[in-house]
Amino acid sequence: MLEIKQLRADLDQVTKTLAKRGFTFPVERFNALESERKTVQTYTQELQAKRNASSKQIGIAKSKGEDASTILTEVAQLGAELKKTETQLEQIQTELQKLLLNIPNLPHESAPVGKSEEDNQQTRLWGQPRTFKFEIQDHVSIGEGLGLLDFEAAAKLSGARFSLMTGSLARLHRALTQFMLDTHTQQHGYVETYVPYLVNQESLRGTGQLPKFEEDLFAVNAGGKKETEENHSPAFHLIPTAEVPITNMVRDEIVPLKSLPMQFVAHTPCFRSEAGSYGRDTRGLIRQHQFDKVELVHIVHPEHSYEALENLVGHAETILQKLELPYRVMTLCTGDMGFSAAKTYDIEVWLPAQNTYREISSCSNCEAFQARRMQARFRNEKGKPELLHTLNGSGLAVGRTLVAILENYQNADGSVTIPAVLKPYMNGLDQLSKAGGE
RNA sequence: GGAGACUUGGCCGAGUGGUCGAAGGCGCUCCCCUGCUAAGGGAGUAUGGGGUUUAUAGCCUCAUCGAGGGUUCGAAUCCCUCAGUCUCCGCCA
């Protein structure tokens, strides 16, 4: 959410900046609502002040044993008018709030201006894609060939966009998350957290998934219960990323200055409906309704958030470097960034079978955008509450990392070499092979 | 699932219809006193919004005592709904 004061003071600039990401700010509607709000609010508050003063008079009079009936009848007449104008004010503010909640964050000035994916800028390139002397397979053929990956079974259990892994492949998946968590907690100073996978609407509004992106989520109700009657909304949503529960830890909090910066890491499953991506990445593990991710979140002082963003990306990159997987870092252009982000780096890993780099991590500085929605603050140097800056990034998407390992570490005989850093997590196993089904 | 108790400011805790945004205590900040320490004295100490303003200064004002609704001229106090916490019983991994 943007600061309404900024909109009032500098609407032109805001509109221009938002245009960079292809968003058209509803200027006329905003101005109309704002001026209406101002009149109605001022009037309402005048009436309220009058009522409060008179009620106080009545109290004083009664305590002295005097007669208060004159004032009483006077105030009684205020009632209806007040109720009317209060209702009106509430409606206007709801409308304004709705408008504000649907406006994306302002892109940072360092974000390259552009329309789509095409305009993203390559910022770093690491590692050299391996050259294969044999006909390579994609991760689906490799996994299925080894008898460790079964999409048919997954489809039977749940449907499309689910997967089932068994034996050493399932273990490799687990090994990856352990390795990531250990690296981040032991080498990068993150606090490990275990979080709820079902969250309420306030949390989703806080990080920006609601109200605009409800169709991307899975909604959940307690057994037998339908949507609650009042607002027709489900009790919970499954988290689309651990960013939601972790970041919302500071919602409605004023944290002491000395507790900053905070760095949290959590491993969770993520659930996404993938509405609007029909037909895209239908094969394999790339785009699933359920996938695991190790998520990194920073809660920081506003002055240090861009420094924190660089660190965050670096932490995610470390994982790929240790796994010796080639990747590149892309700075997303204004048109390709997510709703809440002011600046985003994507890390893309090399996938030989697709002969391209694919997103495996997305690291964003949301500045105060989420904090303002969440009322997440800290007590600054002057002792005043001030909005925090929040950042999040994948470190990394586990399923896609698994895909990258299968494809980059594949051998001519269909086996897959286990990356050196993962061996300790695999009980010393060297490779995934048909016999290695455990 | 059943029965009961409860939810007030950073913390503890008073407050059952009226000058209550809220006594008192602790903590914290500043000042004074005491040559250190201990003790003592004084002042201050919630958050969000609106108006005014060059101003995140000041002034005026509104809202907030778990959340939402209601009764009333007036609600922390009364009524309803929901959420959460605690105790006991049942069930369960």
Requested in this report: Can you tell me, in whole Å, how much space there is between the P of B:A5 and that of B:U81?
Outcome: 15 Å
Report task. Provide, to the nearest angstrom, the distance between the OH atom belonging to A:Y43 and the P atom belonging to B:C62. Result -> 16 Å
Query raised in the report: Counting just side-chain N and O atoms, does A:N52 come under 4.0 Å of either OP1 or OP2 of B:U61?
Result: no
Query raised in the report: Does A:R29 come within less than 4.0 Å of A:E95, counting only side-chain N to carboxylate O?
Result: yes
Query - Between B:U47 (C1') and A:K384 (NZ): distance, integer Å - result: 11 Å
Query raised in the report: How close do A:L18 and A:N105 get, heavy atom to heavy atom, and via which atoms?
Result: CD2-O, 3.9 Å
Query raised in the report: Of the nucleotides B:G48, B:C62, B:C73, which has the atom closest to the A:Q375 side chain?
Result: B:G48
Report task. Examine B:U52: is either OP1 or OP2 under 4.0 Å from a nitrogen or oxygen in the side chain of A:K38? Give yes or no. Result -> yes
Query raised in the report: A:K56 near the nucleic acid: base, sugar-phosphate alone, or nothing, with a heavy-atom cut-off under 4.0 Å?
Result: sugar-phosphate
Query - Spacing of A:R379 atom CZ relative to B:G27 atom C1', expressed in whole Å - result: 13 Å
Query raised in the report: Does OP1 or OP2 of B:A63 have a side-chain N or O of A:R51 closer than 4.0 Å?
Result: yes
Report summary line: Scanning both residues in full, the closest heavy-atom pair of A:D346 with A:S362 reads OD1-OG, 2.8 Å
Requested in this report: Output yes when at least one side-chain N/O atom of A:K83 is less than 4.0 Å from OP1 or OP2 of B:U71, else no.
Outcome: yes
Requested in this report: Take atom P in B:C80 and the same atom in B:U87, then report the distance between them in whole Å.
Outcome: 26 Å
Requested in this report: Look at the side-chain N and O atoms of A:N200 and state whether any lies under 4.0 Å from the OP1 or OP2 oxygen of B:A83.
Outcome: no
Query - Presence of A:R37 side-chain N/O under 4.0 Å of B:G51 phosphate oxygens OP1/OP2 - result: yes
Query - Euclidean distance, atom CG of residue A:L387 to atom P of B:U56 [Å, nearest integer] - result: 15 Å
Query raised in the report: Is A:D281 salt-bridged to A:R358, cutoff N-O under 4.0 Å?
Result: yes
